[in-house]
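Below is one structure; the comments refer to it alone.
The shown structure was predicted, so the numbers you read here are calculated from the model rather than taken from an experiment. Residue numbers start from 1 in every chain, and the chains themselves are labelled A, B, ... in the order their sequence lines are given, proteins ahead of strands.
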There are 4 protein chains.
Amino acid sequence: MQNATYRLAIMWEMSTAEMRPKRGRRRDPDAQGAILQATRDLLLEVGYPKLSIESVARRAGVGKSTIYRWWPTRGALVLEATSSNLEIGVIPDTGDTSQDLAIAVRQLVDTFSDRLASTVIFAVIAHLEDDPRMAAAFRDAWVYPWRASARAAIERGMQRGDLPPDLDVDLCLDVLVGTVFQRTLVQARPDTEGLAAALTAMIAGSR
Amino acid sequence: MQNATYRLAIMWEMSTAEMRPKRGRRRDPDAQGAILQATRDLLLEVGYPKLSIESVARRAGVGKSTIYRWWPTRGALVLEATSSNLEIGVIPDTGDTSQDLAIAVRQLVDTFSDRLASTVIFAVIAHLEDDPRMAAAFRDAWVYPWRASARAAIERGMQRGDLPPDLDVDLCLDVLVGTVFQRTLVQARPDTEGLAAALTAMIAGSR
Amino acid sequence: MQNATYRLAIMWEMSTAEMRPKRGRRRDPDAQGAILQATRDLLLEVGYPKLSIESVARRAGVGKSTIYRWWPTRGALVLEATSSNLEIGVIPDTGDTSQDLAIAVRQLVDTFSDRLASTVIFAVIAHLEDDPRMAAAFRDAWVYPWRASARAAIERGMQRGDLPPDLDVDLCLDVLVGTVFQRTLVQARPDTEGLAAALTAMIAGSR
Amino acid sequence: MQNATYRLAIMWEMSTAEMRPKRGRRRDPDAQGAILQATRDLLLEVGYPKLSIESVARRAGVGKSTIYRWWPTRGALVLEATSSNLEIGVIPDTGDTSQDLAIAVRQLVDTFSDRLASTVIFAVIAHLEDDPRMAAAFRDAWVYPWRASARAAIERGMQRGDLPPDLDVDLCLDVLVGTVFQRTLVQARPDTEGLAAALTAMIAGSR
DNA sequence: ACTTAAGCGAGACGGTACGTCTCGTCTTAAC
DNA sequence: GTTAAGACGAGACGTACCGTCTCGCTTAAGT
C-alpha cells in the first residue's frame, strides 16, 4: 500500500514522452535536486509567503532561469518539492471497520502535522481563488487518492453492516477531512486522542 | 440579536478611550472610507495575494502614508475593510433544536459564501504561520462569537434531551465548521441542500 | 565699525511698514529663537543638504507651520539662522595700505573658516542656478558690504600712491575673494600664512 | 595634445582589468547611453538639486535598479554623464608666456561657461563637506590635470625670465582658478575680455 | 470683561522620491 | 543545448519629508 503514491511533477510537465531522446546537455539531476532541497529548506525557514524564487536560486547555487525553465510558478515548485510529504498510502482492509477508519483519520492527522505538508496546504488554500492549477495539482496528488481509499473503507463498512446502508459517503469524507483540518491546522490542537473513535462513532450513529 | 456584532477595528486601534481630547487635525473620515472601499473593490478584482498597498492608495486617491499611518499591515487593512462582512449574529432560541442548528449551519454557509469574507478567510489561513495577529483578530471577531453562540444552541439541545447528554461539544463545533468549510470553500460546492439536516442528524446520533 | 552689520531677514519680509497695528497674538520670540538655534545645531551636525524642515521643527519643539509662516524656504531660514556669522565689519583706515588689505584678507579668511558661514556659502553656491533669491540675500548681506569696504581700502591705497593709479579695482576684489575662497574652502588649506602679503604684493605689482 | 584627457568613470569602477572574462549578460550600452543622456537632459532642465534618480529612469525608459547597479550615488552618475564636458587638454608651449597663460585662462573660462560643467561644479561644491568622493573624482578628472599643465606653463615662463624666479606657483594657480571662478560663476559676468591679460600682468608683476 | 484675530503645538493629508527587493525575461560564455 | 551568471524593465516595499491644511489652545489688542 505504500507504493500507491502519486507524482505531482506530472501535472506541470510536458507529456513526458517525446522529451526522451534529446540532443545536447541533459537536464542536470544535481541542479534539480539542489533546487528542490533548497525549496524545502526555505519553506521550513521562512514559510511559503516569504519564499522567493531568487532565494531558492541563491541557496541552490543555481541560475534563476533554470528554475523558470522547469517550473512555471512558485506553487508548482513548492508542490513538487514537497511531493514526498504528500504521498498517501491506500487504507488496508483490516476487517475491522472502526480500525480502518482510525487509519484513515491517522493519515489525515499525519499529513496535517507534517511541517512541509501543512505549509503547502496553506499555500494551496491561499491560492484557491487565483491559481486553480495549484489546487488541482494538490487534489490529484493527495485529495482524490485519499478520498478514493477512504471511500472504499467506508463502503466496506457499509457492506459489513457496521455503518448505516443509506450513508452519504461524500458527506462523511468531508466531515472527516474538515474536522481534522479544523482541529489540527486551524485550531492547532495537537491532542487528537480519541478523535478517530469519536468521528467513527459519529458517522456510524448517523442515519 | 442581529446587533450582537463585533468590530475588527478594535484589534488594531488604541484603547479608544483616552484618545478623545487630542490636538491637531483629526482623522479624515472621507479618506478612511475611500481607503476601505478601495480595499474591498480590489479584493474582489484581484484577490488578496495581489492586493498591494500602492494600488489601494492609487484607487482611493490617497497618499500611501495615510494608509500606513492607520493600519500596520496589509492584513489589518483587509480585516477592517471586510469587518462588516464578518459580522455574525447570535443564534436565536427557536425552541426547536434542529432548527437552531440549521441556523448555525446557515450562518457558516452565508459567511463562507460571501466573496469578501471568503477572500479574507483564505488570507487568514495563508498567514496562520507567519502573522498570528491576523488570525487572532479573525478569531476574536468571528470564530469565538460564533462558537459561543453555537455552543449555547447545542447545550440547549442537550438540556431538552434532543442531543446525547455526554456530547463532546467542542468536537461538534469543529465538525460543523470544518465540514461546511470543506464543502463550501475547498470543494466549492454551493449545493448545501440538506447539509444542515444531515449534520444535525450526525451530531444527534453520535453517542 | 562692528555695528555696521546687515540683517538678512529683511530680504524675505514684507515692506515692514504696514504691519505695525495688528491684532491677535504676536510672534513668539522664544519660538523664533528655538527655531534658529535648532537650525544652527543641525547645520553643524548634518550639514545643509541633509537639513530638513521637519527635523528643525522636531528639534525646536515647534510646529512645522510656525517655520513655514515666517520663512518661505529652507534657504531663507538657514541664511537668517547664520546671519550673525556673516556679519562683516568695515575695514578701518590704518594709514598703511598693506595693513588695510591684510585686514580685508583676514576678514575673508575668518568668514570662510567659520563652520556655519562656510556651510551657508556652499548652500548659496549650490542654489546659484535654481534659487537666485538666496544668492541675492547673501550678496546684500555679505558680498556687497565687504566689497564696498574693501574697495574703499584699495582706493585709499591708490590715492596714497601705494597702488597703481590705473588699477582695475573690481578685478582686484575678485582676485582677493576668489583666491581666498579657493584656498580656504575648495583646497581646504588652513595655512594662510603670508597669503595677505602675497596677494597685496600681487595687486601692488600689477600695472 | 587634445587627446590628453581623463575619464571620470574610472573613479567609480573596479580596477577594470580582471573583469574581462565574465559570464552572464553584458552591460547594455544602449541602456547606459540612454541613462547618461537623460541625466544630461535633466541637468539642463531642472538642475542638479532637483535631479532625481526616478526621473532619470523614467526619462531613459529604464528600471531604477539598472541605475543603482552601475552608479553608487547621484553624484557619481552626474559626474560620468558630464565627463566629456570636463575634459581638459594640455596647454601647448607657444613660446610666448603670456599667450600660454591666456590659453590657461581660456580653458578655465570655457569650462566654467559650459552649462553642464558649471552645474556639476556647483554640485561638487555643494557636497564638498558631506561627500568627499565626489570632490575627489572631480579633482582627479579636472583639477589636477589642469593644475599640472598650467604649472608647466608657468614654470616655462619662469625659465624664460618672463615671470619672477621666486614666484609662488601654487598661489598663482589659486589666483587664476579662484578669480575666473569668481567672475564667471559667482558674479555670472560673461565679459571676460582682457581677463587673461590682466591676470598675466598681475602674476608677472608680483615679486 | 468681552470679543476677536492672530500665533502656536500638533499632526493628518496627498504627494514624491528614496534605496532595496523580487519578478519574469533575456543574453552570454562555459561545459 | 542546458547551465550559472547576471543584466534588464517593471514595480511594490516601507520610510522620510515635502508643503498645505485643519484643529483646539493661548495670547493680546480693541472694544
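- For the side chain to side chain contact (heavy atoms under 4.5 Å, CB included) criterion with V56(C), the lone passing option out of L43(C), D41(C), L42(C) is L42(C).
- For the residue pair D28(C) and Q32(C), no side-chain donor N or O sits within less than 3.5 Å of a side-chain acceptor on the partner.
- Looking at which nucleotide of DNA chain E each of G61(C) and S55(D) is closest to, the 5′-most match is held by G61(C).
- Taking atom CD1 of I67(B) as the reference point, atom C1' of dA12(F) lies 13 Å away to the nearest angstrom.
- Scanning for side-chain hydrogen bond (donor to acceptor under 3.5 Å, both in side chains) contacts around R115(B) gives an empty result, with sequence neighbours left out.
- Considering only side-chain N and O atoms, R69(B) lies under 4.0 angstrom from the phosphate OP1 or OP2 of dA12(E).
- For the pair T66(D) and dG9(F), the criterion of a side-chain N or O lying under 4.0 Å from OP1 or OP2 is met.
- When the P atom of dC25(F) is taken as reference, atom CG of D28(C) falls 19 Å away, rounded to whole Å.
- In terms of modelled atom types and a separation under 3.5 Å, the side chain of T82(A) and the main chain of V78(A) share a donor-acceptor contact.
- Summarising the geometry, the separation between CZ on R59(D) and P on dG9(F) is reported as 17 Å, rounded to the nearest angstrom.
- Regarding R23(C), its CZ atom lies at a distance of 7 Å from the C1' atom of dT3(E), rounded to whole Å.
- The existence of a salt bridge linking R59(B) and E45(B) is confirmed by a sub-4.0 Å separation between a basic side-chain nitrogen and an acidic carboxylate oxygen.
- W71(D) has no side-chain polar atom (N or O) that falls below the 4.0 Å cut-off from OP1 or OP2 of dG19(E).
- A cation-pi arrangement is present between R74(B) and Y48(B), with the terminal nitrogen or guanidinium carbon under 6.0 Å from the aromatic centre and inside a 45° cone about the axis.
- For W70(A) and dT3(F), the shortest distance from a side-chain N or O to OP1 or OP2 is below 4.0 Å.
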Sort me out a list of protein N/O and nucleotides 24-27 of chain E N/O pairs below 3.5 Å, or just none if empty.
from	atom 1	to	atom 2	distance (Å)
dG24(E)	OP2	Y68(A)	OH	2.9
dG24(E)	N7	K64(A)	NZ	3.1
dG24(E)	O6	K64(A)	NZ	2.6
dC26(E)	O2	R25(D)	NH1	3.3
dT27(E)	O2	R25(D)	N	3.1

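- Nearer the 5' end of DNA chain E, as judged by each residue's closest nucleotide, is the contact made by R58(D), out of S52(A) and R58(D).
- Distance K50(A) NZ to dG14(F) C1': 13 Å, rounded to the nearest Å.
- When the C1' atom of dC13(F) is taken as reference, atom CG of L77(B) falls 15 Å away, rounded to whole Å.
- To the nearest angstrom, C1' of dA5(E) lies 18 Å from CZ of R27(C).
- Within the structure, every side-chain polar atom (N or O) of Q32(B) is placed at least 4.0 Å from both OP1 and OP2 of dA12(E).
- In this structure, R26(B) is not positioned above the aromatic face of W70(B) in the sense of NZ or CZ being under 6.0 Å from the six-membered ring centre and within 45° of the axis.
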